[in-house]
Every structure is written in structure tokens, then in C-alpha cells.
Amino acid sequence: MNIPIARPFFGLEEEEAVLAVIRSGWVSQGPKVREFEEVFASAVGARHAVAMTSCTTALHAALAVSGIGPGDDVIVPSLSFIATANAVVHAAARPVFADVDPETCNLTVETIERAMTPKTRAAICVHQMGLPADLDPIMEFCGSRGLLLIEDAACAIGSEYKGRRIGGHGNVACFSFHPRKVITTGEGGMITTDDGGLAEKLRRFRHHGMSVSDLERHLATTVVLESYPEIGYNYRMTDIQAAIGIVQMRKLPVIVGRRRVLAERYTRALSNVGGIRMCRIPEYVFHNFQSYWIELVGASRGERDRIMQALLDRGITTRRGIMAIHHEERYRDSGAILPVTDRLTDNSILLPIFPAMTELEQGWVIAGVMEAAA
Ligand SMILES: Cc1ncc(COP(=O)(O)O)c(C=O)c1O
């Protein structure tokens with residue numbers, strides 16, 4: 001057996017969609033990008049969606065156009081992929097690391113409050129592994145302190161908080177379409193917001209700060225001369241990516257449904273195994289299971305690594321749970337003391353989960369985990 005940690009769920013429809021774009025001759029920031037944005041906004045219940053090249057650039061753009069910059073502190077969980085903090089640095093602000101709830105791996109009002117500084121202007125709340133954070137109290141807290149709240153929803157497309165999809169709660173939310181995510185366009189990202197003014201700023205920011213979009217210029221019947229009143233970036237998505245994204249969005253219910261079936265089977269098989277713990281799934285969330293995470297309770301980092309190696313020897317690819325950004329070289333001087341993060345980054349792993357995973361493959365993983373962790 002050779003079982004990867006993830007595998008995109010592609011078929012003929014994606015191939016045909018790509019071919020159609022190539023044949024159309026319009027391959028970047030064109031009609032397919034616009035269509036993908038419309039499909040995405042309506043799927044999550046947001047007024048606007050703005051396509052980007054990745055979640056990292058989406059986070060950077062969201063911070064920058066919101067006026068977060070030099071001298072500002074932005075609270076982020078350390079228990080996240082490094083891009084969450086790097087985006088703050090790209091915006092020339094300072095990430096301040098907060099700890100997480102051990103049961104959900106997510107920020108809480110308490111952990112955010114502990115990380116507050118006099119310069120805190122914003123917080124980035126990650127829906128880790130697709131499991132939604134408890135948004136209502138966090139939104140209330142940020143609102144009462146005048147903090148901008150950005151949702152890092154890299155992993156969270158299709159997940160719901162209190163019956164509403166992530167991206168539809170009125171905050172700025174940033175998604176990823178990297179191949180490890182629930183839907184993929186190869187690389188890519190999306191920002192959702194209800195604020196039309198912000199969406200316009202984001203569209204200019206991703207397009208070199210240009211006053212007019214390619215689409216508008218192309219459709220104009222009189223000559224349009226553009227200007228560049230702001231400094232922007234090239235964060236444009238291609239129509240090839242967008243065409244794949246539109247097909248992937250149609251498949252979202254099937255993809256999430258399959259992930260949930262696999263996750264349920266893991267949980268049934270492993271929840272009574274001594275020394276293994278899963279995330280608690282609060283009753284108010286619908287979880288897309290972008291990742292399947294287990295804590296090897298009481299295990300040292302060395303023991304965890306030994307188990308990962310034993311699984312790899314059986315042809316099973318795993319990943320360490322989630323990194324702790326504040327231990328990486330560029331962030332080591334943060335001074336953050338985060339005991340939950342320290343524990344979870346050392347003793348947890350992610351198991352393979354992807355829609356095409358067979359029962360046989362999953363059975364092999366379950367048997368391997370039981371044996372290795374015994
Ligand atoms: C929580 C989180 N934020 C941001 C990112 C960055 O996403 P991208 O690769 O699309 O830039 C990732 C990707 O792994 C992630 O898991």
C-alpha cells in the first residue's frame with residue numbers, strides 16, 4: 001500500500017473545463033474568474049468574493065487594504081501554518097501569538113485577550129483543519145475592542161458555524177485552494193466580504209493598483225485609459241484555475257460528505273484506543289474534515305516521530321499535527337508562552353483523508369495506528 005496524506009478529487013469535468021478556457025484564448029483574470037467569484041460568494045452566503053493567487057496573498061491583501069501596517073500588532077494563533085503569521089509580516093505589522101483551546105485547536109476570547117497589547121489592531125482567527133472557531137464571542141470581543149477580525153478559512157470551505165457556512169458571517173474571510181485543501185485549483189485563494197468598498201479595494205490591490213479591471217476594459221466600446229493611483233501587486237488568478245474551481249465547487253457537497261464518512265469511521269475505530277484523542281466537535285459546527293487530527297496523549301515528540309515513521313514503513317503518509325510558528329527561527333524572539341500549543345505541536349499527527357480513499361486503505365491506516373501507538 002502507498003497511501004498519501006491527501007489527493008485532489010479531479011475528473012473529466014475539470015479536464016474539459018481547462019480545455020475550454022485554453023481554447024477561448026482568455027486565460028487570466030477574465031470571465032471564468034468572475035464566474036468563480038460569483039459561485040463562491042453565493043455558496044458561502046457572502047455579498048462579494050474576490051479571487052487571489054493563494055490564501056497567503058489573500059491574508060496579506062485583506063490586512064493591507066484594511067490599513068493594517070507598521071506599528072500595528074495582529075493577534076494570530078501560533079498553532080497554524082506559518083503563512084498566517086507571514087502575511088502579517090508582509091503587511092509590515094507584527095504578529096503577536098496567542099494560545100489555543102486544547103479541545104478544538106482554535107483561538108478563544110480568553111486566549112485572544114491574553115495576547116492583547118496596546119498596539120493590537122486586528123486578530124486573525126484560524127478555523128484550524130476546517131473546524132470552525134467559536135465565532136460569536138470572538139466577533140463580539142473584537143467588535144467591542146475596535147479590532148478588525150479576519151478569518152483564516154484556508155481549510156474551511158464547506159464548514160458551517162451555527163448553520164451558516166464559513167465566509168458568510170460578515171467578516172473578511174480568506175480561503176485556500178492548495179491541493180491539500182478541500183477543493184483545489186492547483187494554487188489559489190479567495191476573500192469573501194459583505195463590504196462592497198473593501199471588495200473594490202481588493203480588486204485593485206490584486207491588479208497592480210490599476211483603476212480599471214481587464215474585464216471592464218475588454219468589454220468597453222470606447223477606449224479606456226487606465227491609471228495607477230495606488231501601489232498594488234499581481235495577485236491575479238488565472239481563468240484556468242477558476243474553471244477548475246467552478247467544477248470543484250459543484251462537487252463540494254460530495255467531497256465534504258465523503259470526508260465526513262471517512263472521519264466518522266476513524267473516530268469510531270480510534271476513539272476507544274487508549275492514548276488517542278480527537279478534537280471535540282462542538283454541537284454548533286458542521287465540520288468538513290479538511291484534516292483528521294489525533295493527539296497521542298502523553299507522547300513525547302520523539303515517540304510521535306517514531307509512530308509516524310512506523311506508519312511510513314507501512315506505506316502510510318502522515319504529517320505532524322500543526323506547526324507552532326513561534327518556534328520557527330524568524331519568530332523565536334516573540335517571547336510568547338503557549339503551553340497548549342507547545343504540547344499539541346509535539347504530540348499530534350494528521351492521518352490520510354481524501355474523497356477517493358478506499359475502505360481497504362483506511363482499514364490499513366487504522367490497523368497501522370493501532371499497532372504503532374500500542
Ligand atoms: C491555516 C492556513 N492558513 C494559510 C495557509 C496558506 O494557504 P496558501 O497555501 O493558499 O497560501 C494555509 C495552507 O496550508 C493554512 O493551513
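When a ligand or atom number is given, it counts from 1 through the structure's own listing order. The figures here come from the full heavy-atom set of this structure, side chains too, leaving out hydrogens, waters and symmetry mates.
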**Message:** Tell me if the centroids of the rings in Phe40 and Phe175 come within less than 6.0 Å of each other.
**Reply:** yes
Would you tabulate the polar-atom pairs, meaning N/O of ligand 1 against N/O of the protein, with distances under 3.5 Å, reported to 0.1 Å?
{"from": "ligand 1", "atom 1": "3 (N)", "to": "Asp152", "atom 2": "OD1", "distance (Å)": "3.1"}
{"from": "ligand 1", "atom 1": "3 (N)", "to": "Asp152", "atom 2": "OD2", "distance (Å)": "2.7"}
{"from": "ligand 1", "atom 1": "10 (O)", "to": "Cys55", "atom 2": "N", "distance (Å)": "2.9"}
{"from": "ligand 1", "atom 1": "10 (O)", "to": "Ser176", "atom 2": "OG", "distance (Å)": "2.7"}
{"from": "ligand 1", "atom 1": "11 (O)", "to": "Cys55", "atom 2": "N", "distance (Å)": "3.4"}
{"from": "ligand 1", "atom 1": "11 (O)", "to": "Thr56", "atom 2": "N", "distance (Å)": "3.0"}
{"from": "ligand 1", "atom 1": "11 (O)", "to": "Thr56", "atom 2": "OG1", "distance (Å)": "2.4"}
{"from": "ligand 1", "atom 1": "14 (O)", "to": "Lys181", "atom 2": "NZ", "distance (Å)": "2.7"}

**Complete:** Exactly one candidate in Glu37, Glu230, Glu200 meets salt bridge (charged side-chain N to carboxylate O under 4.0 Å, His left out) with Arg206; the answer is Glu37
**Request:** Anything under 30° is parallel, anything over 60° is perpendicular, the rest tilted; go ahead and classify Tyr233 against Phe205.
**Result:** tilted
**Message:** Between the side chains of Lys119 and Asp73, is the shortest nitrogen-to-carboxylate-oxygen separation below 4.0 Å, so that they form an ion pair?
**Reply:** no
**Message:** Side chains of His60 and Tyr235 only: does a donor on one sit below 3.5 Å from an acceptor on the other?
**Reply:** yes
**Message:** Under a 3.5 Å threshold, yes or no: a donor from one side chain and an acceptor from the other, between His327 and Asp342?
**Reply:** yes
